[in-house]
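This is a predicted model, so every value here is computed, not measured.
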Amino acid sequence: VSSFDVAIIGGGIIGAAAAAYMVEAGARVVLFERAAVGAGASGRNSGALQHPYDPVLAELHRRSLALYRQLADEGSDFQLASEPAGLLLVSIAETSAATAAAELADAAPELAPIFVSADEMPAVEPTLAAGVSGCLLATGNPVAPAAATHAFARRAGDGGAVLRIGEDAAPAMADGRLTGVRLASGETVAAGRVLVAAGPWTPALVPGWAERPPIRRTWGVVVTTTLAEPPGHILEEVEIDATGSRQDFAFSLVTAGGASSLGSTFLDHEPDPANLVVPLLERGQQFVPALAGARVTGVRACARPVSFDGRPLIGPVPGVADLFVCAGHGPWGISTGPASAWLVSQLVLEGGAASLPAELESGRW
Ligand SMILES: Cc1cc2nc3c(=O)[nH]c(=O)nc-3n(C[C@H](O)[C@H](O)[C@H](O)COP(=O)(O)OP(=O)(O)OC[C@H]3O[C@@H](n4cnc5c(N)ncnc54)[C@H](O)[C@@H]3O)c2cc1C
């Protein structure tokens with residue numbers, strides 16, 4: 001007899017939301033998080049809920065917004081404005097912004113891209129430096145970076161899920177069968193099904209994935225500042241591409257709850273965040289001159305779980321009955337995570353009844 005129907009490994013946005021959905025569906029759920037809820041990227045991101053440009057992910061984003069709306073309406077600490085602030089892709093080269101507007105008009109017309117020339121910019125976003133042009137998109141809700149993950153974890157706990165924080169866990173196997181999870185302390189906890197939602201650390205926990213990991217880490221550093229007059233839009237340098245990996249360093253600025261998150265890096269190795277404060281501020285000042293005098297209140301680094309094809313891996317792990325995975329959201333996990341968690345929850349509970357697009361199936365890789 002299993003103590004739990006489902007054990008979840010990882011207390012990021014995916015694990016926390018999945019725990020809430022499954023416990024609310026009546027399952028006995030236990031979640032293991034080795035550090036703290038939101039200790040990874042889910043508590044340390046930039047806080048932009050935005051359209052991810054890719055049509056498959058855009059659908060996850062659309063559904064996530066509805067799930068976020070529900071979370072905000074429940075009276076949790078998570079807050080979502082009724083209208084998007086707008087996402088302004090900015091560039092010092094006017095042709096880049098114009099090209100982005102033209103390309104996105106074809107690729108994602110729902111974003112209603114508008115090219116904003118350097119001359120027009122002061123009327124649209126007065127905090128930007130002279131000479132900066134942009135492409136304005138109808139997407140972008142700024143949120144406090146950790147708020148949703150904490151709200152989902154609280155909801156899971158309120159629903160009766162057991163949250164075991166400070167426990168390093170791995171799927172436990174006996175005679176080739178999944179039996180539950182094994183903790184670093186040696187304790188084994190029986191569970192009928194296990195969901196690995198350990199973000200960039202997922203490949204180490206899935207049998208067969210460690211040798212040729214389908215998910216790698218891309219480290220991002222974010223500096224927190226307070227600006228007397230922050231931008232009204234979410235700002236991102238045009239050159240940030242869909243996988244977030246075209247270059248090591250690209251400007252972004254997201255303001256929520258009085259704090260502005262200035263980012264970010266896209267590095268293969270774990271950086272010392274303190275070394276990146278000055279370069280990030282210098283890059284940022286080229287776009288928003290007020291950053292020169294801004295008070296720095298914090299700096300944080302975390303790893304994005306970037307999958308081999310830029311889309312998350314969701315669903316049963318081929319070859320291991322009752323083991324499931326949901327990870328690999330790269331730079332879009334906050335924008336798309338709740339819908340992924342909902343989909344995988346359906347698969348775990350109903351064993352395949354949910355309609356999962358083939359492009360997201362965990363076995364595709
Ligand atoms: C700098 C930066 C900025 C970002 N900005 C945005 C943004 O603006 N918008 C957006 O949509 N996305 C953004 N992202 C991406 C987003 O944050 C991630 O895709 C998302 O948070 C991943 O969530 P997750 O739950 O899969 O993983 P994580 O948040 O990494 O959670 C995994 C958890 O598993 C735990 N864990 C790992 N191994 C074990 C184990 N063996 N036992 C127990 N627990 C374990 C970890 O401690 C961690 O808490 C950003 C990412 C970075 C790095």
Side-chain angles (χ1 to χ4, degrees), residues 10-13 33-50 77-78 85 87-88 90 127-129 140-150 199-201 216-231 233-237 239-240 243-306 329-335 337:
I13 186 89
E33 163 54 51
R34 68 178 171 196
V37 168
S42 299
R44 298 165 164 261
N45 55 83
S46 297
L49 301 184
Q50 66 181 85
D77 293 343
F78 174 76
L87 171 60
L88 194 51
V90 292
T127 62
L128 287 168
N141 289 78
V143 294
T149 301
H150 285 286
W201 298 280
R216 65 187 166 83
R217 285 168 221 174
T218 304
W219 289 87
V221 175
V222 173
V223 173
T224 323
T225 63
T226 42
L227 290 168
E229 289 178 31
H233 301 88
I234 292 177
L235 304 179
E236 282 174 15
E237 201 173 334
E239 286 72 16
I240 294 186
T243 60
S245 59
R246 190 174 293 169
Q247 57 185 35
D248 285 353
F249 210 81
F251 162 75
S252 64
L253 190 64
V254 187
T255 303
S260 296
S261 294
L262 168 67
S264 184
T265 59
F266 299 87
L267 303 169
D268 291 337
H269 58 276
E270 183 171 1
D272 179 349
N275 291 338
L276 288 157
V277 174
V278 170
L280 282 167
L281 282 168
E282 283 175 355
R283 181 91 184 155
Q285 282 160 36
Q286 294 178 17
F287 294 95
V288 176
L291 283 168
R295 194 162 63 88
V296 172
T297 51
V299 56
R300 55 189 191 258
C302 55
R304 298 175 189 82
V306 178
H329 294 74
W332 309 120
I334 302 304
S335 303

Any donor-acceptor pair under 3.5 Å linking the side chain of [X] with the backbone of [Y]?
| X | Y | answer |
| --- | --- | --- |
| R217 | H269 | no |
| T149 | G11 | no |
| S42 | G12 | no |

[X] versus [Y]: any side-chain heavy-atom pair under 4.5 Å?
| X | Y | answer |
| --- | --- | --- |
| L262 | R283 | no |
| F249 | T265 | yes |
| F266 | V306 | no |
| L276 | L267 | yes |
| T225 | S260 | yes |

Residue pair [X] / [Y]: nearest heavy atoms and the distance that separates them:
| X | Y | result |
| --- | --- | --- |
| P145 | G43 | CB-O, 4.1 Å |
| S252 | E236 | CB-CG, 3.8 Å |
| T226 | G258 | CG2-O, 3.7 Å |
| P142 | A85 | CD-CB, 3.9 Å |
| H150 | V37 | CE1-O, 3.4 Å |
| N275 | P279 | O-CD, 3.4 Å |

I would like to know whether V222 and N45 meet side chain to side chain contact (heavy atoms under 4.5 Å, CB included); could you show each step before the answer?
CA-CA 7 Å; V222 173; N45 55 83; over 6 Å; no

Check the pair T127 / L253 against side chain to side chain contact (heavy atoms under 4.5 Å, CB included), numbers first and verdict last.
CA-CA 12 Å; T127 62; L253 190 64; over 6 Å; no

Any residue meeting side chain to side chain donor-acceptor pair (under 3.5 Å) with S264, in chain and number order, not counting sequence neighbours:
R304

Non-neighbouring partners of R300 that pass side chain to side chain donor-acceptor pair (under 3.5 Å), sequence neighbours left out
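Checked R300 against side chain to side chain donor-acceptor pair (under 3.5 Å); matches are T224, S261.
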
Working to the nearest 0.5 angstrom, can you tell me the gap between Q285 CD and L280 CG?
11.0 Å

Decide yes or no on side chain to side chain contact (heavy atoms under 4.5 Å, CB included) for V288 and L128, but give the supporting numbers first.
CA-CA 5 Å; V288 176; L128 287 168; 4.0 Å; yes

